Structures are given as structure tokens and as C-alpha cells.
Amino acid sequence: MDYQFKDIEKKWQQFWATNQTFKADNQSSKPKYFVLDMFPYPSGAGLHVGHPLGYIASDIFARYKRLKGFNVLHPMGYDSFGLPAEQYAIQTGQHPAITTEDNIATYRRQLDQIGFSFDWSREVRTSSPDYYKWTQWIFMQLFNSWYNKDADKAESIATLVAHFESKGSKGINAVSDEEVLTFTADEWKALSSEEQQQELLKYRLTYLRESTVNWCAALGTVLANDEVKDGFSERGGYPVEQKKMMQWSMRITAYAERLLQGLDTIDWPEPLKEMQRNWIGKSVGASVRFGLPGAGNEPHNTQHATDYIEVFTTRVDTIFGVTFVVLAPEHELVAQLTTPEQKATVEAYITQTKKKSELDRMADTKTVSGAFTGSYVLNPLNGEKIQLWIADYVLAGYGTGAVMAVPSGDQRDYLFAKHFNLPIIPIIDIQNIETEADPTKEGKYINSDFINGLEYKEATAAVIAKLEEVGAGKARVNFRMRDAIFGRQRYWGEPVPVYFKDNLPHLISENELPLLLPEVDKYLPTESGEPPLARATDWNYNGFEYELSTMPGWAGSSWYWYRYMDAQNNTEFASKEAIEYWKDVDLYIGGSEHATGHLLYSRFWNKFLKDIGKVVEEEPFKKLINQGMIQGRSNFVYRLTFELEPTEYVQNFDLEEELKASAIRSLPMIFISLDNLDDLNNNVEERVLLENNINNIYLKEELETLRMRVKLNLNIHNKIVSDLHVDVNLVNNETLDWEKFKTWRKEYENAFFVSKGGKYICGVEVEKMSKSKFNVVNPDDIIERYGADTLRMYEMFLGPLEQSKPWNTNGIEGVFKFLRKFWRLFHNDAWEFNVSDEAPTKAELKSLHKIIRKVEEDIERFSFNTSVSSFMIAVNELTDLKCNKRAILQEMVIILEPYAPHICEELWVLLGNEAGTLSYAAYPKFNPEYLVEDEFAYPISINGKTKMNLNIPLSLDVKDTEAFVLANTDVQRYLDGKTPKKVIVVKGRIVNMVV
RNA sequence: GCUCAGAUGGUGGAACUGGUAGACACGCAGGACUUAAAAUCCUGUGCCCGUUAAAGGCGUGCGGGUUCGAUUCCCGCUCUGAGUACCA
């Protein structure tokens with residue numbers, strides 16, 4: 001029988017499902033291997049061809065590892081909480097759970113069609129209560145924990161309470177809010193329970209904090225930064241204001257150092273690690289206090305936050321070059337430190353700053369602006385009085401919201417000083433500050449008191465020592481990363497398992513989990529601007545109000561890989577045994593867009609779960625591969641822009657009306673093929689020719705009656721054509737199927753095509769894949785035409801996995817032909833299955849063992865595109881050899897199985913093997929003996945240019961090879977009687993002669 | 001600005017540690033089969049010069065360098081894509 005991919009694929013997909021072929025066991029004598037894909041958000045649009053790229057790669061890897069004798073865990077699930085479903089619910093009133101369910105069904109159908117070897121018995125959905133029960137449970141553990149810096153790990157809040165009770169706050173080294181109380185044990189005990197809880201909240205790993213959000217009153221909701229454009233909501237264009245709100249936060253900053261260090265232990269793409277490093281943003285420097293004059297002893301040393309300005313600097317060595325200090329306009333001391341004379345200026349400046357969005361403030365790096373407060377601060381090391389300014393280039397949220405300005409070393413400070421005429425003091429002997437700041441660390445210090453003559457390293461150490469001595473500063477490490485906001489004012493997310501009593505948050509008890517998402521009448525905020533959950537009736541905890549915000553999208557995805565290990569467990573998020581067996585993810589494949597979101601939060605939660613003893617590995621994803629994005633590839637047709645004009649005035653003649661009344665209704669649409677377009681643009685004659693053609697061919701009969709009444713002139717517009725997107729499904733290899741095109745839309749029904757040789761060539765552009773550009777390609781269509789095996793192999797054949805590339809089907813025929821050719825090896829000319837048991841020849845064995853090694857090497861380095869090519873080469877070779885030997889073909893079936901599982905299963909059974917055993921067959925063993933050659937066609941080159949090839953026995957050593965080459969008459973002809981100065985022979989590679 | 005990735009025929013791409021640049025596939029051209037078409041098969045296909053062939057020249061973004069030999073290593077530059085940012 002011919003290769004009937006439809007029957008074959010359906011048959012085996014059913015077989016795998018009924019027999020649970022890919023169900024993984026949590027116990028095995030085999031080594032474990034966990035292959036994970038980033039699970040999808042089930043959107044209403046379904047899967048497009050970009051989605052499966054990573055899934056196909058991971059499936060090939062998973063299937064390969066099974067053949068290599070591993071116990072493979074390869075699961076799939078859905079990140080099913082999220083905004084689009086909620087948006088849809090708001091529009092249609094349908095419960096998001098229902099639309100989500102529908103979308104999942106579509107995804108599942110599409111995924112099943114591609115033939116993935118997922119263990120569906122472990123499927124997870126983040127929106128399902130038996131899943132989010134555990135997301136809530138982890139939240140509770142975070143609430144019940146604090147970060148002990150001495151132990152460098154999270155601990156139960158009980159250990160903190162015990163410490164407070166016995167020793168007070170003394171000796172606690174914790175990651176906490178900035179302002180915590182200092183107290184003795186007795187003082188602690190004297191606090192009311194509420195006061196104690198209030199204090200403990202400052203230590204918990206998830207806590208309430210007032211944070212600024214983008215509040216859109218009209219939409220009644222909080223918007224993400226990228227949903228805000230120039231101070232207005234992207235959707236609807238309503239004004240957005242900065243509003244302070246009590247929000248749940250996650251103390252991820254406690255893990256900053258461990259998150260940074262951990263990167264060195266995992267096998268991830270370097271750019272991705274770099275992104276996380278930048279996001280964490282560790283900078284090593286010092287904090288320095290600039291005292292306020294008149295506040296007492298100078299230089300200053302006091303506990304009260306109001307009589308000094310604290311700055312963070314990475315260049316504490318430049319402290320003698322400080323000529324002013326700048327505060328962020330939002331800094332809390334600004335009002336207090338502004339003198340009456342400067343009050344008006346400063347307030348005007350603050351108002352001006354407030355008008356600017358954060359984006360504007362960041363974008364405008366050219367204009368220098370600021371205002372003098374009228375106050376001075378004192379340099380702690382030389383007592384010098386320096387001006388205190390405010391300026392919007394200093395951000396309140398970073399460091400301390402204040403900087404010490406060193407105009408000789410920092411370009412921003414330099415411009416500021418020049419603009420406001422502030423002093424600039426050079427501090428390093430080799431510094432050149434004529435036209436710009438010079439941030440050099442080379443050279444020796446000048447104008448710098450006790451560090452004069454020193455070099456960078458010793459100077460830094462000396463300054464820090466001095467600062468510590470006078471109590472005005474110390475070495476400090478600063479991180480850019482902030483705590484993550486964890487609350488969302490949305491409906492379709494996990495409810496936070498917290499209720500409020502006396503304005504304090506309390507956890508519900510564990511046995512009351514899951515806290516189910518309540519039903520609401522509408523998915524909108526309330527009139528008073530409370531989140532949708534406030535609409536739920538009778539939703540309270542023994543009369544106390546529940547938290548009304550829900551968890552963000554990343555909550556459910558920050559631990560889901562553990563649930564796959566033990567998806568059905570009712571008593572734990574996963575059993576200890578399951579976690580100890582599977583441990584971590586060996587291979588994780590997904591897009592790099594999750595670099596600083598999902599991948600950072602997951603590492604954070606993982607480290608926390610390890611601290612509390614629930615998981616065993618410090619890092620969750622040992623190896624990670626980013627698959628590139630599949631971009632859309634749009635096609636264009638070019639519609640001629642022309643008009644007809646009457647050349648004379650005729651009474652009561654309106655061309656438009658006459659056209660409408662005529663048989664043709666309107667002027668025909670004429671499309672110009674891309675290859676004709678150049679001629680038209682460059683060649684006037686062509687245009688005249690076309691005009692004549694239009695008149696004579698396209699318009700002739702239709703306009704005859706009109707022409708009898710008035711003379712018409714045809715004008716082609718200056719911009720000859722307008723480019724229109726055309727559905728890529730109507731185009732094959734840039735050639736338009738114009739019959740289909742005519743039926744695509746009513747208005748094209750009578751279209752004309754101008755082309756060379758009857759082929760209409762379309763234009764191409766790479767853009768985002770989107771409906772409006774008609775460039776979305778659905779895997780279903782490809783599978784319908786070519787089958788899943790072709791789709792799988794073609795997606796791999798497209799190019800390196802990590803590279804972004806536009807989707808195009810130009811080469812898909814080649815892959816399909818390859819599979820047919822493979823099928824043909826097992827069949828005779830009458831399409832009857834025909835395999836021989838003869839012993840294979842040397843040439844056949846060579847082909848086989850070449851491919852065994854090649855595919856092994858390629859898969860191990862995730863180079864799937866090259867192995868597809870190699871399969872083609874192997875099948876071409878075996879076809880040429882007319883090989884139908886079982887000994888060769890059966891091995892081929894095993895090697896190809898990860899790539900094209902359906903056709904291989906079918907052939908496996910035709911070869912007489914038991915159905916379903918292929919997935920666990922043994923991968924063929926490579927034997928290098930079959931590849932040994934006794935001769936090699938050496939390229940013979942003269943001065944590095946290859947001239948000819950020469951077969952030379954590999955048994956010859958370097959010297960004999962050289963002699964063999966020089967004895968050759970053809971070589972002599974090339975040498976033209978000259979003796980080479982030097983002959984380089986690389987055995988088995990090349991011979992090069994220098995003349 | 002900074003960080004990272006990339007640039008190879010008409011197209012997607014290959015060339016792993018410096019050793020025959022362009023594998024494999026698409027497309028295109030020619031041919032076979034066919035009444036014809038589709039399908040299939042065969043041949044050719046980097047560019048230039050050359051009637052064919054031979055021979056030759058040029059070729060991996062650009063300019064240099066190291067080397068017997070560079071797509072690969074080094075220096076400088078251009079462009080494209082991604083991330084990130086008045087980060088002190």
C-alpha cells in the first residue's frame with residue numbers, strides 16, 4: 001500500500017491513548033529523565049504552528065531518551081488562569097471556567113494530532129481547585145516563614161517568635177521591611193497580640209505593603225506598565241494615575257544573592273542568565289551618610305533618619321570629588337529641607353516632575369533639570385559644606401533615593417554641574433575632564449586628603465575604613481531587584497487564603513483548603529472600585545472578610561513541575577517519594593520571553609520549598625533551551641491604482657454613477673505580479689503598454705457603451721499599486737492560486753491578473769503572526785495535507801531550534817517526499833510490503849552506522865535540523881543501493897521513531913514486531929568498524945587553493961603520502977615544473993603545497 | 001548607551017576542534033513517462049568570463065591581521081534582531 005498517513009496516524013494515536021503507552025512510573029530501575037515544556041495558556045485562538053516547535057523538540061528528546069533506556073517523565077498541562085478568559089467573560093458574561101474548558105479541549109485535540117508522547121494521566125490545570133489548593137498552601141508556608149540571614153535560609157516564623165520571646169529583637173539578622181522595632185523580650189511580651197502580628201508581618205516572606213500601582217478609575221482596575229501608554233490606558237484611552245494600594249508582596253529580595261549564585265550551577269543559555277543577572281542587578285559599593293549642619297556633632301553620627309542624607313555609591317573612592325548631593329523629588333526629606341526662599345522653585349519643580357510619566361522621565365536624557373533646596377549637607381570625611389539639590393534623574397525607588405554627585409567622574413553629574421554652574425573637582429591625576437566626565441579607575445588620587453597618591457583598590461578600602469571609623473558609612477551591597485507584587489484586582493485567579501480581623505491578615509486553616517473561587521454576577525470591579533470578588537455574596541470567613549484580590553498569573557506556574565511528579569495526590573502537593581525520585585527537571589524547553597518572570601519566580605519558590613524541606617534540589621531546571629519564535633510570513637498582492645476620466649465634459653454624466661448602473665458595476669481589480677512591477681516602475685513604455693492592454697483587454701467590452709457616449713482616458717497613479725495582504729494559504733512558493741483568490745472575497749470575483757508566463761508572484765514580508773495579516777498558519781491544515789510526521793520533521797528541518805525564523809511551507813514537500821521514500825524502501829513497485837532477510841552489504845552497513853552516530857550526536861546537542869538532513873541522505877543512499885534488508889531497515893525504524901513516530905510504529909509492526917513495543921526498543925549501537933575507510937580522496941591544493949582530488953591509501957604515512965602526491969602526473973602538471981617549497985600533509989584531511 | 005545574538009547562493013539552511021564553502025531541501029531550467037495534466041524519475045543549477053568543454057577569476061556583511069591554509073581565531077567598523085536602562 002502507498003503511504004497512507006491519515007489512517008496510520010489516527011490508528012497509532014488511538015493505540016497510544018488506549019494502551020497508555022507513555023505512562024511513566026514513579027519507581028523504576030532505569031535512570032530517570034524529566035523532559036518539560038513550558039505549559040501553554042489555552043487561548044481561544046487555538047494552537048498555531050509556532051506553539052509546537054518546542055513541544056516537537058522536547059518530544060523527540062523524550063522519545064530518544066526512552067530508546068536509550070531512561071524512565072522518562074514527559075507531561076503536559078495548562079496554565080489556565082489568566083486575563084484573556086476574564087476579558088472574554090466580561091464581554092460575553094460566560095464563566096471563564098467554561099470558556100477555559102472549551103479552549104483546553106481544542107488544545108488537546110490539536111496536541112493529540114501531532115502525536116506527542118505525553119503522559120496525560122499527569123495533566124495539570126492551574127485553575128482547577130485540586131491544583132490551586134496547593135498554590136494556596138505554598139502561599140501559606142511563605143506567610144509562615146521569615147528569612148534568617150545567619151542561616152541563609154527561610155525558617156518558620158515560630159523560630160522568630162521564640163527568639164523575640166527569649167531575647168527580644170537583639171541578635172536577629174533577618175530580611176525584613178526597613179523600619180522594624182527594636183525591643184527587649186519583656187517589651188515584646190508586653191505588646192498586644194495585634195501589635196505583635198503587625199510586627200511579624202514585617203518579616204514574613206509574603207506580606208502586605210503599600211505599593212504604587214497604575215490605577216485606571218474608568219476601568220476600575222490596576223494596569224500593568226505595558227498596558228499604559230503616555231499616562232492613558234492602552235485599551236479605551238482612559239486616564240491612569242499612580243495610586244498607593246495595600247498589596248500582597250513576595251520577599252524575593254531575600255533570595256537575591258542565592259538566585260544570582262545559582263546561575264553558575266545551571267546549564268542555561270548565557271544570554272538568559274545574563275538577563276537574570278541584570279534583573280537582579282547586584283552592585284557592590286558603600287552607603288555614606290551626609291550629615292545636615294547644625295544637627296549636632298559634625299561629621300555626623302546619629303540614629304535619627306531625619307538629620308542625615310544616606311546615599312549608596314559604587315565609587316566611594318571618589319568621595320572627595322563630591323560637589324553636591326541630589327535627592328529624588330519624591331524623597332521624604334525634601335519638604336523639610338527646602339528653605340523658605342527656595343520653596344516656590346522646589347515645589348514648581350516637583351509639580352513638573354509629577355506631570356511626567358516614568359517613561360518620559362527615562363526617555364529624556366538630554367535636558368538637564370533640577371532645583372536647589374537651599375540646604376546644605378556635610379561631606380563626612382572633610383566636613384565640607386555642599387549644596388543639596390533635587391532632580392528627576394534620581395529615582396526614589398532605587399537605592400536610597402539620593403546620590404552623591406561626582407561631576408568629574410559621572411557624565412550625568414557632569415552635565416548637571418555644567419548646567420547649574422556647580423564646581424567640578426578632578427580627583428585622579430590622569431583624569432581628562434575638559435569636555436566630559438572621565439570615570440577612570442586608573443591613576444593616582446589627587447585633591448583627596450588621605451588617599452592622595454593611592455590607587456583605586458587601596459583607596460576604596462581606606463575610605464570605607466575611615467567611614468566606618470567615624471560612623472558615617474559602611475560597605476554595602478545593593479540589589480536592583482525589588483520585592484514582587486503578588487496581588488491582582490482580578491477574578492480569574494487563585495483566591496488568597498487570608499481573611500482580615502482588626503485590619504490584620506490571618507490565614508485560614510490548612511484543612512479548609514482549597515478556598516474556592518466564589519461565583520459572582522459580573523466579572524467587573526464594584527462601583528466603589530473593589531475587585532470583582534467583592535461581588536460574591538455570603539463569601540466570608542465566619543463573618544470576617546476574605547482578601548479580595550487574587551494571585552497573579554505566575555503563582556500557579558511557579559511550582560507546577562512538582563505536581564506532574566504526583567498529580568493525583570490529595571494529601572500533599574507531591575509525595576516525598578515522588579520528589580525524591582524525580583528530583584528536578586533535566587531538560588526544560590520554552591521561550592526566552594519568560595526570562596525574568598516565570599523563570600525567576602520559579603527559582604525563588606523552589607529555593608523556598610527546599611529551605612522548608614519539601615523539595616531536594618536548590619535549582620529546579622538543570623538544563624534549559626530557548627526555542628526561537630516562529631514569525632509570520634506575510635504575502636502581498638499588488639492592486640493597480642488607476643482611474644478613468646472623461647476627457648470632455650458631457651452634461652449629466654457622472655462616471656461613478658454610470659459605472660454602477662452598467663453591467664460591471666465598478667472598475668475591475670487588476671493585480672500586478674511582483675516581477676512585472678519592477679518593469680512598470682522603471683520603464684515608461686511598459687506603462688503605456690499596460691494602459692493600452694487595460695483598455696483593450698480588461699475594459700473593452702464592458703465599457704463599450706460608455707465609450708460611445710464619452711471619451712475616457714485611463715490614468716495609472718504615480719504610486720502604481722497598493723499592497724494588500726493576501727491569505728498565505730492561497731499562496732504556494734510565492735505563486736498565487738488565483739482561482740482560489742477569486743473566491744476568497746466577493747470583491748475579487750472578477751479580478752484580472754497581469755503576470756509573466758501565467759504565474760502571479762506575490763511579495764513577501766516577515767511580520768508577527770496575526771489574524772489581521774492573514775499569515776496565521778494552523779497546524780491542523782498542515783496535518784490534513786501532509787500528516788503529523790511531516791509536520792514534526794518539517795518544523796525541525798526549518799533551522800536551528802534556538803533561532804527565530806519566519807514560518808513558510810516552501811520546503812515541506814521535500815520532507816513529505818522523504819517519508820514516502822522511506823516507506824518505499826519497505827515496499828516493491830506494486831506497493832507490497834517486501835523486506836528481505838539477506839545479510840546486509842558493507843555499503844548498507846556504512847549508511848546505517850553513519851546515521852546512528854550522526855543522529856545521536858545531533859540530538860545530544862539539540863541540532864534537530866541537521867539530523868533531518870542526515871536522514872534524507874541515508875534514505876537516498878539506501879534507495880540507490882536498493883536496500884530492503886531487515887537488518888538495516890528495522891534499525892532505521894528505531895532511529896527515526898522520535899522524529900516520525902506514526903510511520904515508524906506502522907513499519908515496526910509490518911516488520912513483525914509486537915505493537916507498542918517500538919517506543920521502548922533499544923537504540924542501535926554504533927559500531928565504528930563499519931565506517932573505516934582504506935582510501936581517502938585528498939583535496940590537493942596549491943597555496944591554499946584546491947586544484948584536484950586524489951585517492952590515496954590511508955595506510956600510507958605522511959611521508960609516503962607526500963611522495964605519492966608528488967609522483968602523480970596531474971599534480972606535476974599543476975606544479976608546472978616547479979618544486980614546492982613546502983608540502984603540508986594532514987592525514988585523512990588535506991594536502992597543501994606552497995610554491 | 002550597555003549586554004547578548006546574528007549576517008553564507010534566488011530561498012531555508014550545512015560546514016562539529018582552523019583543513020575540499022554551499023551538504024540536505026525548496027525553487028528554477030532542461031529531459032523521460034503521459035493524448036494531456038498531476039504524480040514519479042533523471043540531469044543541471046554560487047557569481048563572472050568563456051559557443052560547448054577545458055582553463056581561469058571572484059566569492060561566507062565591510063576593512064585589516066595571524067596562518068601553509070580563515071565562514072571558523074584576533075583588531076576595527078557597518079547593519080539586523082532581542083533584552084535592558086538617567087541603576088548612583
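The model shown is predicted, which means the values in this text are computed figures rather than measured ones. Each chain gets a letter, A, B and so on, in the order the sequences are listed, and its residues count up from 1.
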* Taking everything shown except A:D829 itself, do over 12 heavy atoms lie less than 6.0 Å from its CG? -> no
* **P spacing across the pair B:A23 / B:C77, given as an integer number of angstrom** => 35 Å
* In whole Å, what is the span from the CZ atom of A:R820 to the C1' atom of B:A38? -> 12 Å
* Structure fact -> Closest of B:C87, B:A14, B:C26 to the A:T866 side chain is B:A14
* Quote, to the nearest angstrom, the C1' distance that separates B:C47 from B:C41. => 30 Å
* What distance, rounded to whole Å, do you find between the two C1' atoms, one in B:U72 and one in B:C16? -> 11 Å
* Asked: Heavy-atom count around A:R785 CZ within 6.0 Å, excluding the residue itself: above 12?
  -> no
* A:E795 CD to B:G13 P, straight-line distance once rounded to whole Å -> 14 Å
* Could you check whether A:N278 gets within reach of a base, just the sugar-phosphate, or nothing at all, counting any heavy atom under 4.0 Å? => nothing
* Between B:G69, B:G13, B:C86, which one does the side chain of A:P800 approach most closely? -> B:G13
* Asked: Rounding to the closest angstrom, what is the interatomic distance between B:U60 and B:G46 at atom C1'?
  -> 11 Å
* C1' gap between B:A82 and B:G64, integer Å -> 30 Å
* To do: Could you check which nucleotide pairs with B:U3 in any of the strands shown, counting Watson-Crick or G-U wobble with both distances under 3.5 Å?
  => B:A82
* Any strand is fair game: report the nucleotide pairing with B:U17 by Watson-Crick or G-U wobble, both distances under 3.5 Å, or none. => none
* Do the numbers put A:K441 on top of the ring of A:Y456, so that NZ or CZ is under 6.0 Å from the six-membered ring centre and no more than 45° off the axis? -> yes
* Asked: Nearest of B:U84, B:G19, B:C24 to any side-chain atom of A:I873?
  -> B:C24
* Should we count CE of A:M948 as having more than 12 external heavy atoms under 6.0 Å? -> yes
* **Pairing nucleotide - B:G59, Watson-Crick or G-U, each distance under 3.5 Å** => none
* **Over all atoms of both residues, closest heavy-atom pair of A:E933 and A:L954** => O-CD1, 3.5 Å
* Please step through side-chain contact (heavy atoms from CB on, under 4.5 Å) for the pair A:T373 and A:W389, ending with a clear verdict. => CA-CA 5 Å; A:T373 61; A:W389 286 67; 5.9 Å; no
* Structure fact -> Checking N1-N3 plus N6-O4 or O6-N4 for Watson-Crick, or N1-O2 and O6-N3 for wobble, each under 3.5 Å, the partner of B:U51 is none
* **C1'-based separation of B:U17 from B:C86 [nearest Å]** => 45 Å
* Asked: Looking only at side-chain N and O atoms, does A:N865 come under 4.0 Å of OP1 or OP2 in B:A14?
  -> yes
* Ring centres under 6.0 angstrom apart (A:W807, A:Y794) -> yes
* To do: Test the A:R820-A:Y3 pair against the cation-pi criterion, namely NZ or CZ under 6.0 angstrom from the six-membered ring centroid and within 45° of the ring axis.
  => no
* Structure fact -> Considering only heavy side-chain atoms of A:Q803, the closest of B:G13, B:C87, B:A25 is B:G13
* Taking the side chain of A:N949 as heavy atoms from C-beta outward, which of B:U20, B:C86, B:C24 is closest to it? -> B:U20
* Should B:G44 form a Watson-Crick or G-U wobble pair with both distances under 3.5 Å, which nucleotide is its partner? -> B:C28
* Is the shortest side-chain N/O distance from A:K817 to OP1 or OP2 of B:C26 below 4.0 Å? -> yes
* Whole angstrom value for the distance that separates C1' of B:U67 from NZ of A:K982 -> 9 Å
* To do: Please report, rounded to the nearest Å, how far the P atom of B:C41 is from the CG atom of A:N876.
  => 10 Å
* To do: Kindly point out which of B:C87, B:C16, B:G12 is positioned nearest to the side chain of A:E857?
  => B:C16
* Among B:A85, B:U20, B:G19, the one nearest A:P939 by side-chain distance -> B:U20
* Asked: Picking from B:A14, B:A25, B:U3, which would you name as closest to the side chain of A:E274?
  -> B:U3
* Determine the interatomic distance between C1' on B:U43 and the same-named atom on B:G50; round to the nearest Å. => 22 Å
* Base-pairing assignment for B:C33 (Watson-Crick or G-U wobble, both under 3.5 Å) -> none
* Report which part of the nucleic acid A:I984 touches: base, sugar-phosphate, or nothing (heavy-atom distance under 4.0 Å, all strands). => base
* Asked: Is the shortest side-chain N/O distance from A:R412 to OP1 or OP2 of B:C87 below 4.0 Å?
  -> yes
* Asked: When you match A:E270 and A:R480 each to their closest nucleotide on RNA chain B, which lands nearer the 5' end?
  -> A:E270
* **Base paired to B:C87 (Watson-Crick or G-U; both N/O distances under 3.5 angstrom)** => none
* Please give, in whole Å, the distance from B:U40 P to A:D2 CG? -> 10 Å
* Asked: Under a 90° cut-off about 0 for the syn range, is B:G9 syn or anti?
  -> syn
* According to the Watson-Crick and G-U wobble definitions, with both distances under 3.5 Å, which nucleotide is paired to B:U66? -> none
* Asked: Looking only at side chains, do A:Y349 and A:S369 share a donor and an acceptor under 3.5 Å apart?
  -> yes
* So which one's nearest nucleotide on RNA chain B is more toward 5', A:V986 or A:F312? -> A:V986
* To do: Could you check how far NE2 of A:H419 sits from C1' of B:C86, rounded to whole Å?
  => 15 Å
* Pairwise C1' distance for B:C26 and B:U45, with rounding to whole Å -> 13 Å
* To do: Could you state the atom-to-atom distance from CD of A:E593 to P of B:A5 in whole Å?
  => 19 Å
* For A:Y938, answer base if it contacts any base atom (sugar-phosphate contacts may also be present), sugar-phosphate if it contacts only those atoms, and nothing otherwise; contact means non-hydrogen atoms under 4.0 Å. => nothing
* Asked: Quick one: the side chain of A:N810 and the base of B:C26, do they pair up donor-acceptor inside 3.5 Å?
  -> no
* Please tell me which of the listed nucleotides, B:G13, B:C24, B:C68, lies nearest to the side chain of A:K805? => B:G13
* What is the distance, rounded to the nearest whole Å, between atom CH2 of A:W807 and atom P of B:G12? -> 15 Å
